Amino acid sequence: MKRQQVIIGIVALVLGVLLFATPFMFIGITAVKSAAEASHLGLSLPSKWLFWENFMAVIKARNYMLLLAYFNSTVITVGAISLLAVSAAMIGYVIQRRPSKWNGFIYALILAGLMIPPAVVPTIWLLKELHLFKTLHGMILIQVAYGLSFSVLLFRSFIASIPRDLDEAAIIDGAKPWQVFFKVILPLLKPITITVVLVQSVTIFNDFTNPLYYLPGKDNVTVQLTLYNFQSQFSSQMNLLFMNILLVTIPPLIMFIFFNKQIVKGMTAGAVKG
Amino acid sequence: MASVKLKNIHKEFNGVKILKGIDLDVNDGEFCVFVGPSGCGKSTLLRIISGLDDASSGEIEIADKDVTHADPIDRGIAMVFQSYALYPHLTVRDNIGFGLSLAKRPKNEINERVNTAAKMLQLEALLDRKPKDLSGGQRQRVAIGRAIVRNPEVFLFDEPLSNLDAALRSKMRLELTELHAELNATMIYVTHDQIEAMTMADKIVVLNAGHVEQVGTPMELYHHPKTPFVAGFIGSPKMNLFEGQTAQEHGADIYGIRPEHLTLSTQTGKWQGVIKHIEHLGADVIVHIQVQALGTLVARADGDFAVTTGSEIYATPQQGREHFLSK
Amino acid sequence: MASVKLKNIHKEFNGVKILKGIDLDVNDGEFCVFVGPSGCGKSTLLRIISGLDDASSGEIEIADKDVTHADPIDRGIAMVFQSYALYPHLTVRDNIGFGLSLAKRPKNEINERVNTAAKMLQLEALLDRKPKDLSGGQRQRVAIGRAIVRNPEVFLFDEPLSNLDAALRSKMRLELTELHAELNATMIYVTHDQIEAMTMADKIVVLNAGHVEQVGTPMELYHHPKTPFVAGFIGSPKMNLFEGQTAQEHGADIYGIRPEHLTLSTQTGKWQGVIKHIEHLGADVIVHIQVQALGTLVARADGDFAVTTGSEIYATPQQGREHFLSK
Amino acid sequence: MKSSRSYPYWFILPSGLIYLVLFLVPTVTAFWFSLTQWDLFETRFIGLENYSQFFQEPFLITGAVNTVVFGAVTSIAKSILGLLLAVLLTSGLLGQSFLRTLIFFPVLVSTVGIGIAFTEIMHPARGMINVGLSYLGIHGPAWLIDPHLALFSVALVDVWKGVGLATLIYIAGLATISSDYYEAARIDGATKLQMFFRITVPLVRPATVTVVTLSLISGLRSFDLIWAMTKGGPGFSSDVLASVIYKQYQAGFYGLSTAGNIILFVLVALIVVPLTYWFNRREVDL
Amino acid sequence: VELSILIDNNPDTVALTQALTLAYSKKHPDVKFEMELRPGGAEGDNIVKTRLATGEMADVFIYNSGSLLQALRPSRTLEPINDIANFSNILSSFTSTVSDKKGNVYAVPAQTAMGGGILYNKRLYKELGLKVPMTWKEFMANCAIIAAKSKAAPIAQTYRDSWTSQLIVLADYYNVQSEQPNFADDYTNNKAKFATTPSALRGFEKLQQVSEAGYFNDYYGAATYNDGLNMVATGKAAHYPMLTFAIPAININTPDQINDVGFFAQPGDDASKNGLTVWMPNAFYLPKEGDHKDIAKDFLSYVATVDACNTITNAIGANGPYLIKGCTLPDNVFPAVKDMLPYFQVEGRTAPALEFLSPIKGPMLEQLTVEVGSSIRTAKSAAELYDQDVEKQAKQLNLPNW
Ligand SMILES: Nc1ncnc2c1ncn2[C@@H]1O[C@H](COP(=O)(O)OP(=O)(O)OP(=O)(O)O)[C@@H](O)[C@H]1O
Ligand SMILES: Nc1ncnc2c1ncn2[C@@H]1O[C@H](COP(=O)(O)OP(=O)(O)OP(=O)(O)O)[C@@H](O)[C@H]1O
Ligand SMILES: [Mg+2]
Ligand SMILES: [Mg+2]
């Protein structure tokens with residue numbers, strides 16, 4: 001590391017902490033206050049640090065609902081992501097690589113997924129018809145459907161940066177189309193796949209409207225729904241609410257820290273001359 | 001086992017005609033070399049034979065089957081890309097073994113064949129590296145290795161030795177020739193290297209601006225070029241070509257004489273001129289002579305031929321070595 | 001204007017030593033050629049001179065200034081990459097003019113210089129294409145164009161002509177030699193082509209496995225190689241090298257004789273042998289002779305030298321052309 | 001290239017089918033509801049009345065203008081800041097990994113929490129921002145209360161929250177640029193700035209396309225943060241089309257809000273489709 | 001058997017439901033409950049509607065009474081409860097807000113009735129020697145004195161929680177009704193408008209008046225509901241127009257000051273016609289196609305007992321009079337609750353809020369009142385816009401005469 005990098009690094013750290021961390025200190029501090037103090041909001045330090053009390057209150061709330069929610073959300077997230085990441089990459093791959101007039105149409109359909117909000121009631125009818133309503137796998141499929149557009153868009157534009165020569169080399173080596181994709185393209189898409197995985201799992205993990213509509217039932221709670229334990233229209237227990245927000249944020253945060261390091265430069269270095 | 005037949009192949013890119021009707025028969029087991037100036041369409045033709053690109057029109061047969069619209073995988077070919085196209089995420093070992101592992105060959109067979117190829121290509125020490133940690137020539141060798149482990153019926157090589165040093169290149173020439181003899185596979189080979197073309201080819205195809213100029217054995221092309229282009233293109237330094245009187249005397253448009261077929265003398269000869277420039281190659285010297293009537297005449301002489309720039313010299317064409325060509 | 005001095009340059013990649021103490025002086029205005037086997041460290045050395053990579057230890061001076069830690073931009077260099085590294089988003093024109101436009105040269109000056117370079121490289125018709133629509137050789141020429149428009153003090157060329165056909169290559173040799181003469185710039189040139197090395201170089205540096213084997217003019221290296229490696233590496237086909245009696249008689253380890261310095265005769269000579277293999281190159285034939293006492297002896301003869309495989313032949317080394325080398 | 005066989009359409013099938021069934025079919029069904037008066041229990045066909053009703057919304061113009069402004073401001077800011085941050089955070093700084101996490105953290109936190117936190121932080125008197133500014137002798141503005149400023153304040157927070165996502169996409173984009181090009185540019189004598197504008201910016205284009213498209217669409221449609229922070233207020237000053245529609249939906253005007261969604265979709269499509277067309281036409285292939 | 005029960009996430013609702021279900025399960029050990037939470041507000045309304053529309057409603061659910069209920073199409077989707085054992089215990093003032101035209105009643109109240117009026121700081125009133133105002137004039141005079149003689153803001157407004165801005169308009173309905181007894185019907189039948197009915201317009205005008213007088217706390221645009229409660233409890237503000245359901249929250253936030261908080265109805269222009277606008281509580285409903293109707297009905301029947309009232313009081317305290325016959329309040333209720341009770345003891349001193357008398361309530365109201373309170377819009381203009389908003393609602397509900 002050069003000296004310049006250290007200096008800029010320090011400046012960036014100070015600025016970053018100031019701009020990005022202070023709001024979280026606000027959340028963090030509120031999370032350890034008593035209910036009365038928290039109702040005033042504000043950044044003053046709590047007179048009593050109630051970390052443990054608030055923590056346990058949140059965990060224990062409604063019969064350890066948060067733990068069940070962690071479990072459900074994790075199942076949905078993992079299920080949806082594994083389906084989503086791979087199949088979105090496949091779609092992006094085909095529409096990027098294959099020039100045809102259908103592509104415009106497919107692409108438009110994909111974009112529509114970003115531009116049109118889902119129609120809740122017809123979807124519920126449909127899910128009931130398919131016996132997927134109120135089931136975790138139904139929820140997983142919904143999340144796949146809703147996350148597809150975003151992921152395909154991301155993959156599609158990045159696949160352009162993988163030289164076609166590699167597809168061709170694999171084809172000559174006797175690879176079937178799916179082998180070309182899984183053995184050559186997908187490994188090289190790692191930075192994007194990680195991005196998609198990160199972003200989508202955060203979205204799915206933190207989703208609350210969709211589970212609210214498509215996955216009712218006490219046993220099906222997801223993490224964001226636990227926020228409702230402490231926040232209602234007319235009164236909120238800010239301290240517990242923010243403690244809950246903190247707790248709910250931790251799993252995706254760990255995931256980010258883990259995956260962030262995997263985004264490495266130069267995946268395609270040395271592949272082609274020219 | 002497999003002949004390759006091209007019938008009236010045309011190719012355009014966005015309206016620009018690149019190949020203008022290529023007809024060609026490569027016999028089963030033949031070693032066929034494509035030569036031609038940079039950009040004349042050699043790689044394009046190779047890609048069409050491999051099935052990576054479709055010809056705009058024309059037909060292709062491999063092993064007497066029409067494969068014009070067949071997939072690359074169904075053509076029984078292996079190819080070395082001019083750009084290498086190595087898999088950047090795989091080690092050298094896996095790059096070379098990729099095709100075999102796709103074909104679900106047993107692990108130890110793959111290993112064995114990869115090791116054999118690596119030995120031949122002097123890559124043994126590098127088998128666990130990724131392409132980005134290799135030198136240019138090493139990458140090129142990996143690309144060769146990937147093609148040769150697969151024992152296909154037809155090999156397509158696109159300038160496979162261009163980044164190797166002379167010693168390694170001559171070793172590789174030998175290895176490829178042996179491989180050819182051993183497998184009896186059909187080989188189509190693009191090169192800019194005269195020696196490769198002359199020593200390896202059963203048949204040389206000279207391409208120019210999208211069409212075939214001449215097809216023949218190396219010696220045919222060397223001794224009997226049909227067009228001025230072939231005459232100038234085969235042989236290095238290139239043949240001296242002159243329009244004008246000498247040619248007309250023989251009812252031709254162009255008179256040609258190769259530098260190695262000029263005898264130089266300080267005393268007497270057909271053409272008298274002044275030495276403009278001398279290139280010492282070691283074994284030979286190349287002498288550029290300014291001849292009044294003709295222009296610049298290039299002649300090759302022995303490495304120990306002692307002359308100096310500016311001195312007078314006489315050059316005489318050897319009997320029976322002269323070429324008379326029409327445009 | 002600029003000399004290049006390397007002092008004890010070392011380079012390792014992840015603990016593997018690639019360059020093992022390179023000392024080298026390239027004089028101002030000199031044309032210096034690096035040769036050496038694939039993977040010996042030529043490109044690495046070029047990258048270190050250019051400032052793209054830092055040496056693990058050692059010092060670099062350019063134009064008598066210590067630039068060991070200077071940025072490429074401060075070294076006054078231009079470089080042709082072995083991998084071309086063309087900008088994929090720019091047209092050929094913009095690729096070539098990139099450096100000039102960075103330097104904020106006036107539009108018409110850029111245009112003019114780009115056009116001149118394009119003409120020299122026969123790229124005029126392709127100026128508005130993107131790199132992906134070019135053939136391999138065309139890409140390589142763009143890479144050359146990008147370097148030469150900039151008139152730097154030091155040029156670094158990494159196998160710049162490897163993908164060009166013989167005719168274009170000899171034209172480019174001439175052009176680069178002229179450019180060198182005209183600009184009087186220092187040029188460092190990596191090549192695997194013997195002819196390029198012999199004809200263009202003021203000085204050849206033979207690298208082997210990360211160290212300098214010998215430095216000298218082409219003719220010094222040809223006539224007086226100091227090590228068996230250099231003897232074998234310079235000249236093609238390579239010198240015949242034999243250990244054993246003949247060498248020991250002269251107090252050396254190795255005896256060497258170049259193929260072109262063997263006189264062949266069907267009647268008489270020093271060594272008698274059987275012709276194993278003949279390569280016809282057109283101008284010459286290369287004869288591989290099995291000699292009992294020595295092994296295989298390679299000899300070069302005129303193109304019209306008529307012999308057949310299996311026949312007996314005698315070879316005699318020319319007087320004063322024999323080399324006696326120690327290991 | 002024989003694309004038909006090398007890139008077969010069945011690749012689209014697995015999740016394309018899910019998408020078709022679970023998203024497209026209900027969406028098309030919903031279109032019919034936009035032609036009805038619908039309280040979820042009963043529908044009554046009323047033709048295009050919902051559409052004409054929607055266009056009579058009293059604050060529609062404000063909402064439409066706000067929508068476009070919000071979408072433009074946030075997507076431009078996210079793209080530019082995201083790119084700069086990504087470049088900074090791939091340059092091998094001290095604490096780079098930590099900084100990345102820090103910047104991405106807001107993406108992870110629920111919008112509700114951020115909304116609450118920032119309404120407090122932007123409190124005109126005791127809010128952290130204005131307290132901070134007062135130390136510098138600046139009298140901070142009434143961020144969320146000033147009707148002229150409220151939308152921009154929310155946009156500011158939206159950028160703050162979303163820039164981590166843009167940065168992440170850009171980081172991935174930068175990772176795919178071969179270092180060859182930077183080396184060539186260094187040799188060609190490019191300064192850092194020139195490298196940024198003439199190598200990074202054009203070659204990171206796939207990321208830019210994604211970031212701009214995604215953030216523009218989500219900006220044009222966004223209301224959750226607006227809802228959490230101002231509920232479209234004060235009054236109607238920070239209402240956007242999506243929040244107008246949301247209010248109709250909340251009021252139980254389901255047919256009307258469906259029509260509104262279709263109108264919003266058309267507006268978004270009118271802006272986004274030409275843009276993506278333009279983007280895709282200039283794609284750099286390798 | 002397990003009964004599922006869908007409730008909103010207000011802590012009071014959660015607490016009382018837990019207490020009630022626990023008490024019921026004690027009596028009927030074979031019955032268990034599964035509680036499911038939903039958000040409150042309009043989001044919650046949508047969830048309830050969606051689940052009813054798709055036939056996925058829980059066996060029992062809690063929901064608003066009044067205009068919001070009508071949007072559920074009760075006759076189609078809900079189970080009448082006229083046949084439960086303790087039906088007669090429910091006060092008719094409540095049943096009238098949860099029934100349809102045919103006389104089917106659909107709900108049992110889950111809490112006490114609430115008053116909408118003005119919370120005030122008793123300590124401040126005592127210090128300044130003020131009396132509870134009986135007319136708007138007196139109220140304004142009190143405000144003037146407070147403004148002049150104390151540091152307190154005369155009136156707390158908290159527009160960050162914009163729903164709180166509607167209170168002055170909504171709580172004025174008693175005064176509207178006392179002048180215009182038919183207003184609710186005329187309004188429903190498109191015969192009366194806010195903008196053109198002077199007594200109805202008064203609510204908006206009152207808001208404009210206090211706003212223009214500058215009686216609000218600093219930065220009221222950024223203040224929250226909690227801020228408002230704290231201000232009125234600690235005396236930083238003298239008045240806070242609010243519903244009495246806020247009282248438990250004050251007790252949580254500022255337990256030491258709870259006894260300083262008093263309550264009075266929003267005064268009209270005539271002291272002799274002083275009375276309170278009343279909000280009906282949320283109630284328990286049954287969906288039409290529930291699986292365990294009989295048990296669910298039995299549970300509702302239990303809720304309509306004195307025992308249930310006491311259970312609720314124990315769980316969350318009492319904030320107003322119960323709507324179940326025989327239920328009484330304990331003596332130790334908070335002063336503000338005590339202040340409210342007299343209104344209920346005299347016939348005609350209470351009137352339900354408009355939303356319990358008419359199915360139409362425009363969704364824009366809170367934004368309009370924020371604008372009036374922030375002096376962005378005049379009372380008249382706001383009332384006109386509100387009338388338009390209401391029209392949209394009426395049309396959506398497909399009411400006759402619109
Ligand atoms: N990143 C790296 N990590 C490890 N080894 C490397 C790396 N880059 C290059 N090498 C090794 O360093 C040696 C020198 O490489 P270099 O590219 O300089 O060779 P070269 O002389 O240019 O060869 P060529 O003629 O094939 O281009 C090679 O053996 C190569 O494998
Ligand atoms: N995608 C394309 N669009 C337009 N022209 C193209 C495209 N690809 C190749 N060409 C042109 O087609 C011609 C033939 O290209 P090809 O790669 O076959 O040449 P080549 O004979 O292999 O040359 P080299 O020896 O330089 O590799 C070239 O002039 C090239 O510019
Ligand atoms: Mg080519
Ligand atoms: Mg190299």
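Small disclaimer: the values here were computed from a predicted structure and weren't measured. First the proteins, then the strands, lettered A, B, ... as listed; each starts at 1.
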Worksheet entry | Any D:Leu168 side-chain heavy atom under 4.5 Å of A:Phe259 side chain | no
Worksheet item: Quick one: does A:Leu148's side chain get under 4.5 Å of D:Ile18's, heavy atoms only?
Response: no
Look at the side chain of [X] and the backbone N and O of [Y], then say whether any donor-acceptor pair between them is shorter than 3.5 Å.
X        : Y        : value
D:Tyr254 : A:Val121 : no
A:Tyr93  : D:Phe11  : no
D:Asn261 : A:Ile116 : no

Does any heavy atom of chain A fall under 4.5 Å from the side chain of [X], the backbone, both, or neither of them?
X        : result
D:Leu17  : neither
D:Val163 : side chain
D:Leu165 : side chain
D:Tyr249 : side chain
D:Leu24  : side chain
D:Arg100 : both

Discussion item. So which atom in D:Leu214 and which in A:Leu114 form the shortest heavy-atom distance, rounded to 0.1 Å?
Written reply: CD2-CD1, 3.7 Å
